[in-house]
Amino acid sequence: FGATDGGGLIRFDGKIFTRFSERDGVTTLNVMSLIEDKNGAIWWGTFGNGIKKMNKKNLPGNKTSLVDFSVSEGLSSNKIMTVFEDKSGNLWFCTEGGGLGKYDGTHLINYTEKEGLFCKTITSIAEDEDGNLWLGTLGAGVCKFDGKQFTYYTEQQGLSNNNVWS
């Protein structure tokens with residue numbers, strides 16, 4: 001599977017590329033991030049239409065296999081920069097303008113200023129061997145989240161720039 005900016009979702013089977021379109025239930029072409037979770041489901045983040053999930057077993061084109069997550073379902077923003085699965089199987093959604101979202105398979109939790117996340121645009125995410133999440137932000141440098149609190153590393157601590165993409 002591949003994600004494109006303006007060309008939608010594509011799949012390569014080893015011989016040909018297949019582009020998923022509206023007839024397949026893919027309603028947005030601006031795919032920013034794409035992962036396959038530990039259960040084999042495909043998740044992609046869009047720039048403006050939230051998160052989409054497709055069960056890979058039902059491909060191609062089974063609209064009933066698609067699930068949407070958007071502001072209507074509790075996301076803090078429909079502009080998704082990155083989708084990430086941690087070691088525990090939680091899905092994390094980095095957004096533009098809405099902070100960070102966590103989905104544990106049942107509940108969606110949003111982390112914003114109220115929870116101590118002072119940057120609204122999270123560009124990237126990684127997990128270290130201790131389970132800490134490291135976030136790239138636009139304007140607030142690198143942020144470490146230990147599951148309870150956010151710690152910031154900025155130009156004041158020696159970072160070369162507070163805009164971090166990866």
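Heavy atoms only: backbone and side chains are in, while hydrogens, waters and symmetry mates are out.
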- Query: Is it true that a side-chain atom of S33 and a backbone atom of W44 form a donor plus acceptor pair closer than 3.5 Å?
  - Reply: no
- Item | Check: V71 main-chain N/O paired with N78 side-chain donor or acceptor under 3.5 Å | yes
- Apply the test side-chain contact (heavy atoms from CB on, under 4.5 Å) to residues T95 and K79: give CA-CA distance (whole Å), side-chain angles for both, the deciding distance (0.1 Å), then the verdict. CA-CA 6 Å; T95 74; K79 295 179 179 178; 5.8 Å; no
- Note on the structure: Output for pair (N161 CG, E155 CD), nearest 0.5 Å, gives 5.5 Å
- Message: Would you say F84 ends up clustered with I109 if hydrophobic residues are merged whenever their side chains have heavy atoms under 4.5 Å apart, either directly or through other cluster members?
- Response: yes
- So with a 6.0 Å cut-off around NZ of K114, is the heavy-atom count from everything else above 12? no
- Query: Is the backbone N or O of G139 less than 3.5 Å from a side-chain atom of N163, with the two atoms forming a donor-acceptor pair by type?
  - Reply: yes
- Query: Are Y152 and K144 close enough that some pair of their side-chain heavy atoms sits under 4.5 Å apart?
  - Reply: no
- Query: Under the ring pair (Phe, Tyr, Trp, His ring centres under 6.0 Å) test, which residues partner F150, sequence neighbours left out?
  - Reply: F145
- Message: Do I80 and M32 have side chains that approach each other closer than 4.5 Å (heavy atoms only, starting at C-beta)?
- Response: no
- Query: Any sub-3.5 Å donor-acceptor pair from S77's side-chain atoms to E96's backbone N or O?
  - Reply: yes
- Query: Got a second to check how far W165's CH2 is from T137's OG1, nearest 0.5 Å?
  - Reply: 10.5 Å
- Query: Would you say L108 and F69 make side-chain contact, with heavy atoms under 4.5 Å?
  - Reply: no
Using a 3.5 Å cut-off and no angle test, enumerate the donor-acceptor pairs between side-chain atoms of residues 98-106 and protein atoms at least two apart in sequence or in another chain.
unit_1: Y103; atom_1: OH; unit_2: G105; atom_2: O; d: 3.0
unit_1: D104; atom_1: OD1; unit_2: T106; atom_2: N; d: 2.8
unit_1: D104; atom_1: OD1; unit_2: H107; atom_2: N; d: 2.6

- Message: Using side-chain contact (heavy atoms from CB on, under 4.5 Å), reason through I125 and I122 one step at a time and then give a plain yes or no.
- Response: CA-CA 8 Å; I125 185 171; I122 310 300; 5.5 Å; no
- Message: Is there a side-chain contact between N90 and E85 in this structure, where contact means two heavy atoms from C-beta onward sitting under 4.5 Å apart?
- Response: no
- Message: Return the CG to CD distance between L159 and Q157, rounded to the nearest 0.5 Å.
- Response: 8.5 Å
- Message: Would you compute the distance between atom CE of M81 and atom CG of L138 and round it to the nearest 0.5 angstrom?
- Response: 6.0 Å
- Residue pair V83 / I51, side-chain heavy-atom distance below 4.5 Å: yes
- Does I42 belong to the same Ile/Leu/Val/Met/Phe/Trp/Tyr cluster as V31, with side-chain heavy atoms less than 4.5 Å apart forming each link? yes
- Message: A quick test of your reading: do over 12 heavy atoms of other residues, nucleotides or ligands sit less than 6.0 Å from CD of Q156?
- Response: no
- Message: So, using side chain to side chain donor-acceptor pair (under 3.5 Å) as the criterion, who are the partners of D146 when residues are at least two apart?
- Response: none
- Task: Without swapping roles, check the side chain of K87 against the backbone of E129 for a donor-acceptor pair under 3.5 Å.
- Result: yes
- Item | Spacing of CE belonging to M54 relative to CG belonging to L34, to within rounding of 0.5 Å | 8.5 Å
- Task: Please check if the side chain of T82 supplies one atom and the backbone of T123 the other of a donor-acceptor pair under 3.5 Å.
- Result: yes
- Check for a donor-acceptor pair, side chain of D128 on one end and backbone N or O of D130 on the other, with a separation under 3.5 Å. yes
- Task: Measure the spacing between CH2 of W43 and CZ of F93 and express it to the nearest 0.5 Å.
- Result: 5.0 Å
- Item | side-chain contact (heavy atoms from CB on, under 4.5 Å) assessment of L135 paired with L117 | CA-CA 10 Å; L135 311 173; L117 182 60; 4.2 Å; yes
- Query: Looking at side-chain heavy atoms only, is the closest gap between I16 and D13 below 4.5 Å?
  - Reply: yes
- Short side-chain to backbone donor-acceptor contact, D37 and G89, under 3.5 Å: no
- Task: Find out whether K120 and E113 are in side-chain contact, i.e. whether some heavy atom of one side chain is under 4.5 Å from a heavy atom of the other.
- Result: yes
